[in-house]
Number of protein chains: 2
Amino acid sequence: MNLKELSSYLGLSQTTVSRALNGFPEVSEKTRQRVIEAAKVHGYMPSQSARGLATGKVGAIGHIIPLGNHQMINPHFSDFMAGVGIAYADFGIDIVMKICAQDEELATYRKLVKSNRVDGFVLQGPLVDDPRIDLLQTLGVPFVVHGRSAGATQPYNYLDVDNEGAFERATQFLVDFGHRDIALLNGMENMDFANKRRMGFLTGLQRAAIPARPELMFSQDMSEVYGYEVATKILPLPNPPTAFLCASKLVALGVMRAIADAGLIAGKDISVVTFDDDFGFLGTHAAVPQITCLRSSLYRAGTRVAHMMMAAVDDPLAISTEIWEPELVVGKSTGMKI
Amino acid sequence: MNLKELSSYLGLSQTTVSRALNGFPEVSEKTRQRVIEAAKVHGYMPSQSARGLATGKVGAIGHIIPLGNHQMINPHFSDFMAGVGIAYADFGIDIVMKICAQDEELATYRKLVKSNRVDGFVLQGPLVDDPRIDLLQTLGVPFVVHGRSAGATQPYNYLDVDNEGAFERATQFLVDFGHRDIALLNGMENMDFANKRRMGFLTGLQRAAIPARPELMFSQDMSEVYGYEVATKILPLPNPPTAFLCASKLVALGVMRAIADAGLIAGKDISVVTFDDDFGFLGTHAAVPQITCLRSSLYRAGTRVAHMMMAAVDDPLAISTEIWEPELVVGKSTGMKI
DNA sequence: ACAAACATCCAAAGCGCTTTGGGTGCTTCA
DNA sequence: TGAAGCACCCAAAGCGCTTTGGATGTTTGT
């Protein structure tokens with residue numbers, strides 16, 4: 001069933017039916033109801049190809065996932081995507097997802113734009129100086145960044161958490177408990193968020209006049225194993241850390257496991273603070289120790305980014321930026337230095 | 001740059017340019033090269049909306065992810081998707097991904113079909129009796145199932161691993177080592193794969209004339225925590241299992257952790273066998289104990305399903321099915337019952 | 001040398017929608 | 001009472017591509 005068939009069935013012109021369905025005022029309410037009813041009965045939905053051709057908007061947002069940088073395989077990604085996807089649904093928008101080799105990433109953006117497949121892009125996991133932003137700006141496509149990137153000359157839409165402030169605050173928090181030897185288990189520091197967290201950490205130390213100990217600072221993909229291995233390695237050091245600052249709950253769980261293995265007790269012998277993306281998937285929550293954390297919901301960030309994306313498509317010129325302050329939740333994993 | 005502009009620039013008709021680009025024979029090789037060159041220089045790519053309208057094929061496959069059933073948040077999903085996505089890229093096809101509430105799943109399929117957004121669907125995680133198969137068959141859309149579902153009346157395209165055979169074999173393997181008290185840590189048994197594994201397990205026991213012990217059989221979402229908690233709970237039983245059969249490496253890792261916590265040694269005191277989807281993301285592989293497993297690559301399954309999908313779109317009538325036999329890899333986690 | 005076959009190209013229709021630019025009949029106002 | 005305004009509807013153009021059904025000139029076969 002297409003527009004032509006539906007309108008001839010109704011004895012109306014295609015114009016009127018189209019307008020009735022799209023909520024234009026030049027149609028009497030009676031006719032509109034009749035049209036809507038008939039459309040539902042016959043299961044009519046406009047062809048997106050045709051509509052895309054006619055309007056120039058295809059009703060889809062591109063999400064490009066380069067393989068090999070572990071983006072897709074971690075829960076941070078999924079949780080964010082869930083938020084985005086649910087929010088899109090309200091707008092009748094869908095995700096065009098491209099999975100590509102890492103060296104084809106920029107070309108993939110180009111292709112999607114040139115072939116008019118999407119109305120815009122959401123960028124995830126921006127690097128410290130991310131070439132994608134430049135590319136999309138010169139291509140003139142609407143986009144929203146989840147996170148930020150330092151090296152862009154022109155303004156752009158983004159939503160980020162205050163990573164630097166959060167890690168400075170966390171450091172301060174630990175310092176206040178008397179800790180001076182704090183290990184930093186950061187994410188990959190070529191990514192902007194991790195870079196900012198590192199800066200926040202260093203600022204926090206500096207404010208307390210504590211010299212940084214580079215041998216206690218790590219940068220890796222955030223996983224449980226990473227936390228476990230690093231903690232296992234550095235806990236037996238002659239001058240071991242008395243506190244850990246982790247970039248993700250996954251990492252923190254690994255650290256907790258190593259602490260337990262070492263016969264120590266978190267919150268007593270050792271303090272642990274982590275950034276917590278607040279995803280609700282880590283099996284039973286009871287199994288997760290109550291780790292002191294800076295919390296900000298990735299899912300909610302996803303829905304917000306989706307809304308910003310819709311706004312960006314509607315008005316490509318108005319740019320908007322948001323920075324969220326994570327919430328400090330004090331758990332049982334932190335305490336005075338002994 | 002669109003077709004019209006490109007062809008007038010070249011002094012050719014749209015017909016000829018279109019045919020040159022799409023590899024039709026009615027164009028001289030010289031002209032074709034000239035066209036291709038010009039297209040590259042000017043960055044011309046055909047509008048997918050227009051092409052979709054003209055051909056009826058939109059060059060996209062739908063992947064619908066209902067939220068809440070934990071599909072998206074586990075690595076099994078990601079690994080499969082990676083394979084699919086990379087294979088699609090070779091065909092110039094992209095993924096239209098819809099994330100929806102669980103009770104809107106079927107409606108979402110309908111909508112995508114009616115509005116002509118996709119050329120077909122890939123179904124993941126089929127249930128024992130999956131309503132999606134029926135729906136798509138009545139809608140007349142090409143689709144490929146990763147896995148199988150029992151309750152379909154008509155044939156359909158699928159790729160599955162021999163879950164039943166694999167678990168029977170694994171059970172046999174443990175029985176041969178003298179084990180009689182084997183715990184089954186299965187996935188959700190409303191899903192077809194888990195149901196088949198359970199049947200394989202029971203058949204294996206039956207063949208050895210060992211009565212099943214329902215109190216040692218579990219069915220849950222596959223996670224590390226699940227494995228850890230169940231193992232922790234049943235290891236201290238008066239008549240504890242001497243072997244574990246797990247549905248996923250994640251689960252097995254949890255079991256291994258519980259075994260270590262209990263002061264036991266896997267491969268000596270306790271045997272562990274697991275299904276291994278062979279994903280390459282579990283942090284450093286060195287950290288993962290060498291668990292005896294039945295191995296089948298999810299990534300490769302993804303690429304194969306993608307190819308089957310393309311074939312299904314080209315010829316919706318020819319249906320094809322494949323069942324893969326997982327490989328039994330003997331590791332250090334299994335040994336004679338003591 | 002002439003018809004038949006071929007190689008190469010083109011004009012125009014059509015895919016299903018939105019949107020422009022009216023048209024028709026009815027009400028309102030001076 | 002005539003003009004202006006309004007409510008409601010329609011015909012047709014156009015979005016950018018593919019594809020049908022030739023047209024034109026060039027070879028080939030006998």
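Chain letters run A, B, ... following the sequence lines, proteins first, then strands; residues in each count from 1. Since we're looking at a predicted model, the values are computed, not measured. What you see below is based on every heavy atom in this structure, not just the backbone, and it leaves out hydrogens, waters and symmetry mates.
When distances run from any side-chain atom of B:Ser18 to the nucleotides D:dT19, D:dG16, C:dT18, the shortest one goes to D:dT19. For B:Asn2, the side-chain atoms get nearest to D:dG16 when compared with the rest of D:dC9, D:dG16, D:dT18. Here D:dC17 is the nucleotide among C:dC17, D:dC17, D:dA11 with the atom lying nearest to any side-chain atom of B:Pro46. Counting only heavy atoms from C-beta on, B:Phe24 has its side chain closest to D:dT19 among D:dT19, C:dG16, D:dA11. Comparing atom distances between the A:Ser47 side chain and each of C:dC10, C:dT18, C:dG16 picks out C:dG16 as nearest. Among D:dC9, D:dC17, C:dC9, the nucleotide with an atom closest to any side-chain atom of B:Glu26 is C:dC9. Candidate nucleotides C:dT18, D:dC17, D:dC9 were compared by shortest atom distance to the side chain of A:Val27, and D:dC9 ranks first.
Close to D:dT18, at under 4.0 Å from its OP1 or OP2, lies a side-chain N or O of B:Asn22. Contact between the side-chain N/O atoms of A:Thr31 and the OP1/OP2 oxygens of D:dC8 is not found at any separation under 4.0 Å. Applying the 4.0 Å criterion to OP1 and OP2 of C:dT18, one finds that A:Thr55 has every side-chain N and O outside that range.
The two atoms that bring B:Ile133 and B:Ala152 nearest to each other are CG2-CB, 3.8 Å, heavy atoms only. The shortest non-hydrogen separation linking B:Ser49 to A:Leu53 is CB-N, 3.9 Å. The two atoms that bring B:Ile86 and A:Ala101 nearest to each other are CD1-N, 4.1 Å, heavy atoms only.
Both tests hold for B:Arg300 against B:Trp324: distance to the six-membered ring centre under 6.0 Å, angle to the ring axis within 45°.
Screening B:Asn22, B:Leu21, B:Thr15 for a side-chain contact (heavy atoms from CB on, under 4.5 Å) with B:Ser18, the sole residue that qualifies is B:Asn22.
At whole-Å resolution of the value, CG in B:Leu53 and C1' in C:dG14 are 9 Å apart. A straight line from NZ of A:Lys57 to C1' of D:dC15 spans 14 Å, rounded to a whole angstrom. Taking atom CE on A:Met1 and atom C1' on C:dG16, their separation rounds to 14 Å, with Å as the unit. Rounded to an integer number of Å, the gap from NZ of B:Lys4 to C1' of C:dA11 is 13 Å. In this entry the distance linking CG of B:Leu3 with C1' of C:dA11 reads 14 Å, nearest Å. Taking atom CG on A:Leu10 and atom P on D:dC8, their separation rounds to 17 Å, with Å as the unit. Rounded to a whole Å, the CZ atom of B:Arg117 is 14 Å from the C1' atom of C:dC17. The CZ atom of B:Arg51 sits 13 Å away from the C1' atom of D:dT19 (whole-angstrom rounding).
A donor-acceptor pair under 3.5 Å links the side-chain atoms of B:Arg32 to the main chain of B:Phe24, judged by distance alone. When atom types are taken as modelled, the side chain of A:Asp119 and the backbone of A:Val58 share a donor-acceptor pair closer than 3.5 angstrom. The main-chain N or O of B:Ser149 is found under 3.5 Å from a side-chain atom of B:Tyr156 such that the two form a donor-acceptor pair. Side-chain N or O atoms of A:Asp160 include none that pairs as donor or acceptor with a backbone N or O of A:Ile323 at under 3.5 Å. Although no hydrogens or angles enter the test, the distance criterion places a donor-acceptor pair under 3.5 Å between the side chain of B:Arg132 and the main chain of B:Gln124.
Classified by interplanar angle (parallel below 30°, tilted 30° to 60°, perpendicular above 60°), the ring pair A:Phe91/A:His307 is perpendicular.
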Between the protein and nucleotides 4-7 of chain C, which nitrogen or oxygen pairs are less than 3.5 angstrom apart?
none

Using a 4.0 Å heavy-atom cut-off to protein, can you give one letter per nucleotide of nucleotides 22-27 of chain D, 5' to 3': B if the base is in contact, S if only the sugar-phosphate is, - if neither? ------
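Residue-to-nucleotide proximity on DNA chain D shows that, of A:Leu12 and B:Ala54, the 5′-proximal contact is made by A:Leu12.
Between A:Phe80 and A:Asp277, every side-chain heavy-atom pair lies at or beyond the 4.5 Å cut-off. Using a 4.5 Å heavy-atom cutoff, the side chains of B:Leu136 and B:Leu123 are in contact.
The residue B:Gln14 sits close to a base: some heavy atom pair falls under 4.0 Å.
Terminal axes of the helix from C:dA1-D:dT30 to C:dA30-D:dT1 (five pairs each, C1' rotation axis) are separated by 40°, to the nearest 10°.
A donor and an acceptor atom sit less than 3.5 Å apart, one in the side chain of A:Thr15 and one in the base of C:dT19.
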